[in-house]
Amino acid sequence: MDFSYSEVQLMLQDSVQKFVQKSYDHDTRSKIVESEDGFSKENWQLFAELGWLAVPFTEEDGGLGGSAVDLIVMMEEFGKANLVEPFTATAVLSGGLIAKLADGERKSQLLEQLVTGNLQLACAYAEPGSRFNLSKVTTSAKTDGDEVIINGSKIAVLNASNADQILVVARESGAETDEEGISIFMVAANADGVSISAFTNFDGKKSSEVNFANVKVSASNRLGAAGQAHAALQKIVDRATVGVSAEAVGALESLLQKTVEYSKTRKQFGTVIGTFQALQHRMADMFIECQLARSIVVMAAMQLDSSASELEQTKSVSAAKSRVGKAIRHVSQEAIQIHGGIGMTDELDVGHLFKRVTAIDIMFGNADYHTERFAAL
Amino acid sequence: MDFSYSEVQLMLQDSVQKFVQKSYDHDTRSKIVESEDGFSKENWQLFAELGWLAVPFTEEDGGLGGSAVDLIVMMEEFGKANLVEPFTATAVLSGGLIAKLADGERKSQLLEQLVTGNLQLACAYAEPGSRFNLSKVTTSAKTDGDEVIINGSKIAVLNASNADQILVVARESGAETDEEGISIFMVAANADGVSISAFTNFDGKKSSEVNFANVKVSASNRLGAAGQAHAALQKIVDRATVGVSAEAVGALESLLQKTVEYSKTRKQFGTVIGTFQALQHRMADMFIECQLARSIVVMAAMQLDSSASELEQTKSVSAAKSRVGKAIRHVSQEAIQIHGGIGMTDELDVGHLFKRVTAIDIMFGNADYHTERFAAL
Amino acid sequence: MDADFTAEDLSFQEDVRTFLENEFPEEYRSKIDANKRLSKEEIVNWQKILFAKGWAAPSWPEKYGGTGWSQIQKHIFATEMGLIGAPEPVPFGMKMVAPIIMAYGSDEQKARFLPDILESNVWWCQGYSEPNAGSDLASLKTSAVRDGDHFIVNGAKTWNTYGQYADWIFCLVRTDNTVKKQEGISFLLIDMNTPGVTLRPIYLLDGHAEVNEVFFDDVKVPVENLIGEENKGWTYAKVLLTHERTNISGVPRGKRRLRALKRIAAETDDGFGNNMLENHTFRNRVADIEIELKALEYAELRTLASISTGKAPGPESSILKIVGTELAQRIDEIFVDLAGYLCLPFVPEQFEDGFQGDPVGPGNSAAYALTYFNNRKASIYGGSNEIQRNIICKAVLGL
Amino acid sequence: MDADFTAEDLSFQEDVRTFLENEFPEEYRSKIDANKRLSKEEIVNWQKILFAKGWAAPSWPEKYGGTGWSQIQKHIFATEMGLIGAPEPVPFGMKMVAPIIMAYGSDEQKARFLPDILESNVWWCQGYSEPNAGSDLASLKTSAVRDGDHFIVNGAKTWNTYGQYADWIFCLVRTDNTVKKQEGISFLLIDMNTPGVTLRPIYLLDGHAEVNEVFFDDVKVPVENLIGEENKGWTYAKVLLTHERTNISGVPRGKRRLRALKRIAAETDDGFGNNMLENHTFRNRVADIEIELKALEYAELRTLASISTGKAPGPESSILKIVGTELAQRIDEIFVDLAGYLCLPFVPEQFEDGFQGDPVGPGNSAAYALTYFNNRKASIYGGSNEIQRNIICKAVLGL
């Protein structure tokens, strides 16, 4: 048992911190969010150069790390700065699925494009009626000779409007919620029959509703064996869940720090509000929440990297997401409340961190969902 | 809609307040609790003279009131003083069942004995496996000619060791949790086959486990029609639930008041602790809890006295008990915490109020149970 | 005590219901149900319908055009309005400045301002808060210097809700710098069209600019716009601040929202073949909120009852503010939890009047997050919930 | 980072398990499982078994009889002890006075006191708190006046846990009244058998007198029982107070209790034909607690890891005290909720050593309420959780 960061992890942490400090203040971020793409291509290229895009992948796959701990070290820093670039969509989710399901030259080609910053991806798994259940898939994939015809609607597809390729989760057989029968296909975003309705989520991320109407792809666009993609999808989503949980931890720490700082300067009735004991104890509770959230995310990441059983790993992920969800509500609401009116304005970074963690609370299942999943396992 | 107390209610309130102030301080109560009977027969006689024992009954039944609001007005005051006398067991529960199910001379005789203080009763409804479900009854009653033979075990029978008669809930027919088939029999506490294992509950109330081994009673000891007692039992337990909820409200108000007073005199680090804002806000929250608890108990009592449907009335009772249960946990724990070590000692009344409300939280179903009951209706 | 309404109250309730069913425009109702904002014109129109019926200002004394209703009748009216979603009048005229004009204004001021408020001809906004003042209202800096028949006003006010629609603003201004802060404040009415008044919208987390900063740059205000005596403004304002803590609990609105929540939950797939209302955790959370709402409803009714017996609304009513806002925020949360992914899209303009595009996100789910964000203000404004707790400590617990 | 134990750690864990399985007396284990208290003799006996194995004092330096284990090994040992329910040594000797004797005592004092603590020959109790002092320890009044070779001690101490079993007490006493309160305090060791020492048991809510008041009436204490320098006692005590905030989280005990809870829930009828573990609300509450325990476990492990890299246990470890005690109290609550009526009977003596009567109430349910009552102390003692929050504010957040 060992809690120390590896040299690579320390380097990563340092590298993100330096970038953020130099090039990612609140104004810069706001401009990026308001831009057409909703992220900075320049930054993305820089991330590639700094090796960040290679972090989710093993050395074997041409990556730099591949461990869950590597991921959380970096994503916690992303969270602190409320980074809006589509790292989770392209690298963690889609890249993770490619690494897990694809093989041979296709795999190495795709991953090379990805880590060099030349490929944007999106993963379309959620549907209007699926809520958080990954095996509830009604989007259909019918084999027709060498081709597969995809029909269905997906929601909450992050980065679809910038993606070159979309990884679509579709059902080839089985009943609506069967784990068996689910496949993943790579579909060009500009393929016939694909319509993308793009907008910005409240956390500034680009997202889309994507409709597939008789979209034809070659059967070779299927990643992995037919109908066997569920386990990989679950595993990668679990990993992404830990990733965004770490991002939330970073954002919450940022919120705490900004709140404490604000309370030291803001005066009411002639007194700095940070001297009011009622607020002090509430900030102490925010600190406790941050520490517990961080601890359980570390736990989940370490479990994913360990020899623990699948069951233990899955439970750890749900434990972390559930607990982080509670911390999100508690810490972010207190941050706004202690800031008062100014915390409600669009101008301050505090409100944007609040919105980002609220989105993370929903992503891949909220606290209630993960508590039940934990309890049922 | 009217929120004012009637003259009788104001008199009752005044009468209890005066008695308590004069004759029921903490030391007196402690001596009563430690006495053989666990309550004061002298007090009981006085309660009869003051008309308190007649409060749960309508004038038609020889009582003084009979409304749920009458009941809560009085029981809130009982709660403030942590009165240990078996009012709920004898007058509310058992007396209520007699008023509801018995008839003719037997009814008037029994109630007269009761309101004059000459009859102690107990109601045996709970069983080791019934938890809070009143229709889960395994104690059996088999008709044998003119007699009925009762077998089974009851727990949490308040006042059994002082009771002249025990009202036993037993099953004459139907499956374990059927509402049909449940009857109530009056059994002399000293009848053959009745064994009473008495002890004191942690709130100072006398309670017993009662075993019935081939207890023979005349069929005429059955209250009401055979197998039809469930509805009456549910109704009377609902009323008693509102009664003890009001008692809890009184006890919580007492706890709040004592805590606020203590905080105004207790010094730490040279300062009266009541000036610490963190504690102040927590006491404000205790106050809020007390007010909400009181409001919802008033609501439930008013609904029971109103023309609302059975369903609405039942929902109101569960809403009240659930909400009061939350207030109990919150207010009583904070009272101990703010008192510090001294609040943990047997010597102070605070701890005994804490224990009493903890018992009330359990009585007739705890907060979780009543939330579910409310949600399911 | 009696939970049942009298025959008169029941018949009044019936009247109110019939009126609302017939007169509250169907299209407004659909907009409210779809979480869309009514435009100023629509709110004014509705207010004029109420005025025509004589029901524009239940809280006003009869002689100024009030209804003369009992507390119970007012409660019934507010409940029925809330249940159907009919908007209350914007409070700044009707509930904030009008009572002060009635209590401290001259006869001329009453005649000049009150009828237009009653008829919704003139919209008001509030000029209490200032940048950096927060809950410490009395530390305000906006100055009014007497110059002949005018005051010259300079400074800035903030958190002016609907300032962009307002014709007039009532302001606390500093008229004496030499005395302690509460004693140098006056209460001034200012026409928003006076030269030197400018507005800057403040965008909030929900993407909407419902509040503004208002700047005063050598604004000339006639002395006849002064309410009461110079330097007595704080006394007037304070009365208002401790006033009207009732009807803030939002119980009827809460009931309407819970009804909607349950309807939507019953239509929402849990992803495992059931609907969300069949999900135990969710159902029990809804039950908890319903129970809390019942407690709050009776806390409010008890306060109303104590007012009808002639008692002033005591500081106990701070409870209604605290519990009402925190419960509303819990409802906001559970809507977000119910919606899940569906509330992520941020297209605030689709809930505004005049939006022509296709709605984004199924149904109105995307509005839930906006409401969640926007309503964090509820525990901050109107005297933050921390201030309310201080009031309870001081005035009730004697701490 | 690595969640897996090394081969050495795994083999150490195996050794500890084997030892505990074989050597922790079966009857003690049954008593613990039945929520009964071990007698002093049983605790001493167990401590002597640990001593024989050389495992009596993992927290001590090797030269005094410690184990020389790594942080991870200590953690493994504490975990396995907690999971099986084996009692830790009573802390007053081993963890409270011994470190102070080691750090500030003379060689004679070390030789005289430490071996008997290690072997559990002599039991200690603490003499810090005084009536009315509460968390404000330094305001203590018990005086020690030098009289030749002795101090004459007068005053009273309170909350002396297990004072009735103790042979010695370590006390903070006032030796100088003329300086500010922290500077006139000395650290004195007092034989409980000295004439003038008397004890008054304090009964707590659970009906048990585990704490006492101790009175000192002209008690003669030899000067060689003074630790370190006169008037420096506060400095020594303070070190102890910020020390040893680890191992207070109670994670292993929590895990053992949750295991028991789930077992009992599976055997408890919900009254509707299912068992309580099948009840959604209950199951999810258990899950919430399990999750919290996981978070706490890793918070503790992270603190331990930071200690092994040489960092002192910082004020961050106040978290472990706060969360550990509050979580334990949540477990107490859920046991009460599970037991329902079954925990009402108050027969505390049935959980004491030597009880001969029939048990009252099925199983051990009646113990749950006692534990709930008793454990309210956890958030009060050892520096109340309010004090811990103050520490976080001051030392971590800089407020």
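Below, chains carry the letters A, B, ... as their sequence lines are ordered, and counting in each starts from 1.
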* To do: Side chain from CB out, backbone as N, CA, C, O: work out which of these in C:Ile322 comes under 4.5 Å of a heavy atom of chain B, or both, or neither.
  => side chain

* Working to the nearest 0.5 Å, report the span between CZ of C:Arg389 and CG of B:Asp285. => 4.0 Å

* Which value, rounded to the nearest 0.5 Å, describes the distance between B:Ser322 atom OG and C:Glu290 atom CD? -> 11.5 Å

* Please examine the side chains of B:Gln280 and C:Lys394, heavy atoms only from C-beta on, and report whether any two atoms are closer than 4.5 Å. => no

* Under 4.5 Å between any side-chain heavy atoms of B:His281 and C:Glu386, yes or no? -> yes

* Would you confirm whether C:Asp4, through its side chain, and B:Ser306, through its main-chain N or O, come within 3.5 Å as a donor-acceptor pair? => no

* Side-chain H-bond candidate by donor/acceptor type, B:Thr371 with C:Asn284, under 3.5 Å -> no

* In chain order, what residues pass the salt bridge (charged side-chain N to carboxylate O under 4.0 Å, His left out) check against B:Glu310, with sequence neighbours excluded? -> B:Lys235

* Test item: C:Met1 and B:Asp305 side chains (from C-beta on) under 4.5 Å apart, heavy atoms -> no

* Would a 4.5 Å heavy-atom cut-off, applied to side chains only, mark B:Lys264 and C:Leu399 as touching? -> yes

* **Segment of B:Ala376 engaging chain C (4.5 angstrom heavy-atom cut-off)** => both

* With a 4.5 Å limit on heavy-atom distance, are the side chains of B:Gln277 and C:Asn390 in contact? -> yes

* Side chain from CB out, backbone as N, CA, C, O: work out which of these in B:Ser263 comes under 4.5 Å of a heavy atom of chain C, or both, or neither. => side chain

* I would like to know whether B:Lys315 and C:Lys294 meet side-chain contact (heavy atoms from CB on, under 4.5 Å); could you show each step before the answer? => CA-CA 11 Å; B:Lys315 286 192 80 158; C:Lys294 266 185 195 286; 5.5 Å; no

* **Region of C:Ile72 in contact with chain B, defined by heavy-atom distances below 4.5 Å** => side chain

* **Leading residue by heavy atom contact count with chain C [cutoff under 4.5 Å; candidates B:Leu256, B:Val272, B:Ile288, B:Asp2]** => B:Asp2

* Asked: With a cut-off of 6.0 Å (strictly less than), are more than 12 heavy atoms of other residues, nucleotides or ligands near NZ of C:Lys181?
  -> yes

* Is the shortest heavy-atom distance from the side chain of C:Tyr298 to the side chain of B:Gln303 under 4.5 Å? -> yes

* To do: Tell me, for C:Val396 versus chain B, whether the close heavy atoms (under 4.5 Å) come from the side chain, the backbone, both or neither.
  => side chain

* Asked: For C:Ile291 and B:Ala319, which heavy atoms make the closest approach, and how far apart are they?
  -> CG2-O, 3.5 Å

* Asked: Going by residue number, which parts of residues 243-251 of chain B are within reach of chain C, meaning a heavy-atom gap below 4.5 Å?
  -> none

* To do: With sequence neighbours left out, write down each residue that passes ring-ring contact (aromatic ring centres under 6.0 Å, His included) with B:Phe78, or none if nothing qualifies.
  => B:Trp52, B:Phe87

* By ring-ring contact (aromatic ring centres under 6.0 Å, His included) - contacts of B:His370 (at least two apart) -> none

* To do: Taking all non-hydrogen atoms of both residues into account, name the closest pair between C:Ala299 and B:Ser295 and its distance.
  => CA-OG, 3.2 Å

* Asked: Could you state the interatomic distance from CD (B:Gln291) to CG (C:Leu296), rounded to the nearest 0.5 Å?
  -> 12.0 Å

* Starting at CD of B:Gln257, measure out to CG of C:Leu397 and round the result to the nearest 0.5 Å. => 11.0 Å

* Do B:Phe3 and C:Leu304 have side-chain heavy atoms sitting under 4.5 Å apart? -> no

* Verify salt bridge (charged side-chain N to carboxylate O under 4.0 Å, His left out) between C:Asp288 and B:Lys326, making sure each step is shown before the conclusion. => CA-CA 10 Å; C:Asp288 269 339; B:Lys326 278 195 194 113; 2.7 Å; yes

* Asked: Rounded to the nearest 0.5 Å, how far does CZ of B:Phe374 lie from CZ of C:Arg283?
  -> 11.0 Å

* Nearest atoms (heavy-atom pairs only) where C:Leu301 meets B:Met1 -> CD1-CE, 3.8 Å

